[in-house]
Amino acid sequence: MDQLLYGSNSEENIIAVHPASDHSVRMYIKSHDQITTSEVEFYPFFYLVSPKYLKDYPKKHWIKELNGDNYFRYLCAFTSWLEMWDAIRFVLDRYNENAPSKIYSYTDLPILHVRTDPIAQFLKQTGRTLFKGMKFEDLYRLQIDIETLTKRGFKFSNPHRLEDKIVVIALTDNRGWEHIIHAKRKSEKELLQEFVDLIREKDPDVIEGHNIFGFDLPYILTRCEMMSVDMDIGRDGSTPHPVDTRLSYAERSLGYTPYEIAGRQIIDTLLLLQSYDTANRSLENYSLKNAAKHFGFTKKDRVYLQPDRITWHWENEPDKLMRYCLDDARETGMLSDHLSPCVFLLTQMLPFNYSSVARLGTSAKIESLLLREYIRQKHSIPKPEIGTQTLGGYTDIFHTGVLGPVVDVDVESLYPSIMLNEKITPKTEKLGIFLSLLDELIKIRLDAKRKMEAASNQNEYLKFENLQHAFKTLINSFYGYLGYSKALFNDYKAADSVAQAGQIILGQLISRITESEGKVIEVDTDGVYFVPPKTVLDEKDEVDLIEAFAAQLPSGIKLQINGRYERMLSYKKKNYALLGYDGRVIVKGSSLISRTMEKYGRDFIKLCIEALLNNDFDKVHDSYVSYHKSIDGHRLSVKDFARTETLRDSYDDYINEVKEGKRNRSACYEVAIQSGMSWKVGDKVSYYFTGAETGVKGFENCKLADEWDPNFPDENVPYYLKRLDECAKKFEDFFSEKDFHAIFSIDDLFGFSSQGIYILTKSVKLEAREAQEEETESIHVEPKIWLDEDML
DNA sequence: GGACTCCGTATACC
DNA sequence: ACGGGTATACGGAGTCC
């Protein structure tokens with residue numbers, strides 16, 4: 001089992017593997033803080049359907065017929081990377097001789113499968129992994145952050161603009177060393193040279209930065225080139241280079257170009273934060289400052305500066321700017337302390353460099369484990385099947401309104417449990433290792449969870465918390481892997497079976513709850529929010545009740561209480577708010593907290609929800625009147641009503657698609673074009689709507705937020721009032737028509753009174769079924785029966 | 001010209 | 001190189017009366 005997870009080669013202390021030549025790699029070994037290297041030959045390979053495509057290929061190569069009858073039955077190996085690429089071109093030509101339509105790229109070749117990362121190939125072939133026998137603390141990690149000037153009149157600093165430049169570089173490490181380099185008394189060229197010399201002197205194993213791939217590294221590289229500074233910071237004296245020059249695609253789809261530095265690892269804490277949040281969904285944005293607050297390591301005297309005032313600070317308060325830069329580097333280090341340990345642990349298992357593990361998705365990780373074992377056992381591998389998954393999680397809503405008390409009960413690891421219980425595995429996975437891997441990963445996670453609960457201090461707790469979290473995401477993605485179109489071992493039927501089994505278990509749980517006189521409010525995939533029966537008085541009763549439910553579910557299915565709440569506002573599927581016993585309010589759902597909504601709308605809805613959860617109708621009314629007056633009197637700031645969108649297409653793509661009628665004009669692009677700004681894909685624009693009527697086209701009446709002048713406010717008041725009413729309308733179903741209009745009205749002629757107003761709770765199930773009944777004109781059934789069933 | 005549907009895009013939940 | 005389906009909201013364009 002160890003071999004499955006950790007690879008068959010137990011060599012220790014490897015801290016990096018990078019290409020040395022086109023037929024060898026260099027391993028960097030660390031022992032007693034000394035780095036040694038060793039160069040190892042390796043044999044590039046690809047998979048092929050039939051040896052006939054390599055017939056008469058003149059250069060040295062081996063073709064090995066593999067066991068089993070999966071699609072790719074031959075493994076072809078070569079003596080050098082270049083010769084492997086030669087062979088790929090050879091196969092491409094051979095294939096095209098008889099192909100119905102000509103293929104130009106190896107990626108479209110259905111008869112060949114190749115992974116173009118030489119290091120991943122080498123590690124898979126040899127069963128080696130990085131960091132064996134090491135602790136996270138053994139790594140020497142260095143953090144960097146830079147501050148740059150921006151030419152007057154421009155919003156973003158641009159390394160290609162001669163007037164813009166790097167003025168401060170802060171460096172910190174995980175041993176308490178801190179250093180600032182700045183350009184007050186030296187040229188930028190001298191500053192860059194000092195930086196390069198420092199990196200070589202400190203000789204870090206890992207270089208960390210927040211958005212280092214998207215900003216710091218490309219910026220430094222560009223300036224080094226412009227100033228003729230040799231950025232030879234690789235441990236073999238080489239300069240940083242893009243990971244795979246063949247794939248310019250990555251740049252477009254990822255929005256950044258990953259770099260490599262020979263003998264070292266690069267960690268972008270922005271990427272770590274993003275992948276942490278895909279499962280957690282608790283971060284408002286991915287800025288370093290916000291992350292520091294979220295994890296609670298912001299220092300008391302931390303310096304905050306406005307990003308668009310950096311140039312001003314450099315000219316007027318350079319010391320403050322330097323402290324700010326240093327604080328950024330420090331926080332990057334602390335963020336990495338939190339998020340990197342799980343990447344470190346995964347790197348001990350996976351056939352990739354540390355920096356690759358940090359970048360790759362969960363699917364690539366699972367597949368690498370499968371492939372490594374298939375190579376070891378010399379077994380043929382499948383190709384992805386074509387099709388789609390047809391079933392997903394079960395989502396339903398039974399009641400709207402405000403209800404309570406509420407228990408959120410979860411089926412623990414629903415999909416992984418089903419896969420193990422029912423032995424659901426890809427049909428092409430002939431070695432039977434898919435479930436063994438899953439089983440083992442679950443064991444490791446449970447172990448981490450136990451250690452987390454037994455932790456004696458906060459640090460230890462966080463360490464194991466992160467660890468079990470990393471495994472949780474990997475474990476949960478085994479199900480996603482089954483339905484992933486590009487996965488070699490995908491199996492849509494298997495994915496559907498898992499989803500269906502999940503739906504059935506949720507259905508059983510719902511039945512148990514209603515049978516016990518509990519009231520189910522809403523269900524999503526693996527969890528249920530419900531009002532426990534009146535006989536349940538306290539937390540202990542709730543625990544007992546859940547245990548009783550679990551006993552009636554299939555064995556191996558465990559329930560856990562995810563949360564307890566005083567009240568719940570149920571709006572629509574996946575859209576609700578919770579009032580905790582500590583008074584805290586959590587709002588969920590895109591229609592209640594979407595980032596596309598104007599800030600004032602979000603604020604207004606938040607206020608209303610908090611007031612509704614506390615039965616304070618006066619406050620709801622006051623909020624409405626207050627926002628109405630503020631909009632009407634131009635008293636909101638542009639920050640409150642501006643909308644911010646990402647420009648996902650380039651100027652040319654947008655113009656062409658509009659011309660061809662493939663897409664509509666949209667305000668964010670129009671405003672960017674109109675203001676003459678040039679943008680990169682992924683840039684954001686903030687804009688607002690102008691004009692004096694509601695019915696006008698948005699894209700013809702918009703302006704950049706920066707152009708808004710508080711002395712001559714020209715925002716579209718009727719439009720923003722209409723938006724306010726649209727927000728209010730979300731609460732329409734919670735009240736009688738009369739009450740709704742009394743609350744959300746500015747007509748205070750007779751004064752507003754909340755007397756006699758109450759929130760309606762409705763049974764959604766009942767209405768939905770009646771509607772469905774009308775639609776399908778199915779057999780008429782007495783409403784009494786539906787009522788009965790609903791009350792069960 | 002307003003009410004309606006359709007469609008693509010964006011965001012969020014699990 | 002890239003996990004998945006389910007769900008709501010919204011702007012713009014086309015269609016109908």
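Sequence lines set the chain letters: A, B, ... in the order given, protein chains first and strands last, and positions in each chain run from 1.
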With respect to the phosphate group of dT11(B), does any side-chain polar atom (N or O) of Thr596(A) fall under 4.0 Å of OP1 or OP2?
no
Atom-pair distance (CZ on Phe478(A); P on dG4(C)), nearest Å:
16 Å
Where the side chain of Arg723(A) is concerned, which of dC2(C), dC14(B), dC10(C) is the nearest nucleotide?
dC10(C)
Return one dot-bracket line describing DNA chain C 5' to 3' (Watson-Crick or G-U wobble pairs, both distances under 3.5 Å; ( ) same strand, [ ] crossing, | another strand, . none).
...||||||||||||||
Does dA9(C) have OP1 or OP2 under 4.0 Å away from a side-chain N or O of Arg602(A)?
no
Is any side-chain N or O of Lys573(A) closer than 4.0 Å to OP1 or OP2 of dA7(C)?
yes
Presence of salt bridge, Glu598(A) and Lys722(A), under 4.0 angstrom:
no
Salt bridge flag under 4.0 Å for residues Glu726(A) and Lys729(A)
no
Of the options dT11(B), dA9(C), dG3(C), whose atoms approach the side-chain atoms of Lys730(A) most closely?
dA9(C)
Specify the separation, in whole Å, of atom CG of Leu592(A) and atom C1' of dT11(B).
12 Å
Return the value, rounded to whole Å, for the distance between atom CZ of Phe731(A) and atom C1' of dA9(C).
15 Å
Does Lys588(A) make a side-chain N or O approach to OP1 or OP2 of dC14(B) shorter than 4.0 Å?
yes
Return no unless some side-chain N or O of Tyr571(A) is found under 4.0 Å from OP1 or OP2 of dA9(C).
yes
Closest to the 5' end of DNA chain C, once Arg115(A) and Ser591(A) are matched to their nearest nucleotides, is Arg115(A)
The side chain of Thr362(A) is closest to which nucleotide in this list: dG4(C), dT6(C), dG3(C)?
dG3(C)
Where do Tyr286(A) and Asp277(A) land on the side-chain hydrogen bond (donor to acceptor under 3.5 Å, both in side chains) test, with the steps shown first?
CA-CA 9 Å; Tyr286(A) 299 140; Asp277(A) 199 49; 2.9 Å; yes
Counting the atoms with a prime plus P, OP1 and OP2 as sugar-phosphate, which does Lys572(A) contact under 4.0 Å by heavy atoms, base, sugar-phosphate, or nothing?
sugar-phosphate
Whole-Å distance separating the CZ atom of Phe689(A) from the C1' atom of dC10(C):
10 Å
Closest approach to the side chain of Lys486(A), judged atom by atom: which nucleotide of dG11(C), dC2(C), dA7(C) is it?
dC2(C)
Gln560(A) has an atom CD; how far is it from atom P of dC14(B), in whole Å?
14 Å
If you check every side-chain atom of Asp524(A), which of dC14(B), dC2(C), dT8(C) has the closest atom?
dC14(B)
Taken to the nearest whole Å, OH/Tyr529(A) to C1'/dC14(B) is 10 Å
At under 4.0 Å between heavy atoms, what does Ala495(A) touch on the DNA or RNA strands: base, sugar-phosphate, or nothing?
nothing
Does the Thr690(A) side chain pair with the main chain of Asn716(A), one donor and one acceptor, at a distance under 3.5 Å?
no
Note: Glu610(A)-Lys606(A) ion pair, threshold 4.0 Å (strictly below)
yes
Leu482(A) near the nucleic acid: base, sugar-phosphate alone, or nothing, with a heavy-atom cut-off under 4.0 Å?
nothing
Would you indicate what Tyr484(A) reaches in the nucleic acid, counting non-hydrogen atoms under 4.0 angstrom: base, sugar-phosphate, or nothing?
base
Nearest heavy-atom pair of Leu360(A) and Lys365(A): which atoms, and what distance?
O-NZ, 3.4 Å
Using a cut-off of less than 4.0 Å, is there contact between a side-chain N or O of Arg595(A) and OP1 or OP2 of dA10(B)?
no
In whole angstrom, what separates Leu474(A)'s CG from dG4(C)'s C1'?
15 Å
Consider the side chain of Thr525(A), meaning its heavy atoms from C-beta on, and name the nucleotide among dG4(C), dC14(B), dA1(C) that approaches it most closely.
dC14(B)
Categorize Leu360(A) for me: base, sugar-phosphate, or nothing, with a 4.0 angstrom heavy-atom threshold over every strand shown.
sugar-phosphate
Examine dC14(B): is either OP1 or OP2 under 4.0 Å from a nitrogen or oxygen in the side chain of Tyr576(A)? Give yes or no.
yes
Working for side-chain hydrogen bond (donor to acceptor under 3.5 Å, both in side chains), residues Asp733(A) and Thr400(A)
CA-CA 8 Å; Asp733(A) 277 357; Thr400(A) 63; 5.8 Å; no
Should the pair Arg115(A)-Glu367(A) be classified as a salt bridge under the 4.0 Å nitrogen-to-oxygen rule?
yes
With a cut-off of 6.0 Å (strictly less than), are more than 12 heavy atoms of other residues, nucleotides or ligands near NZ of Lys730(A)?
yes
Phosphate-side-chain proximity, Arg359(A) and dC2(C), N/O vs OP1/OP2 below 4.0 Å:
no
Please report the distance, rounded to the nearest Å, between OH in Tyr687(A) and P in dC10(C).
13 Å
Would you mind telling me which of dT8(C), dC10(C), dT6(C) lies closest to the side-chain atoms of Thr395(A)?
dT6(C)
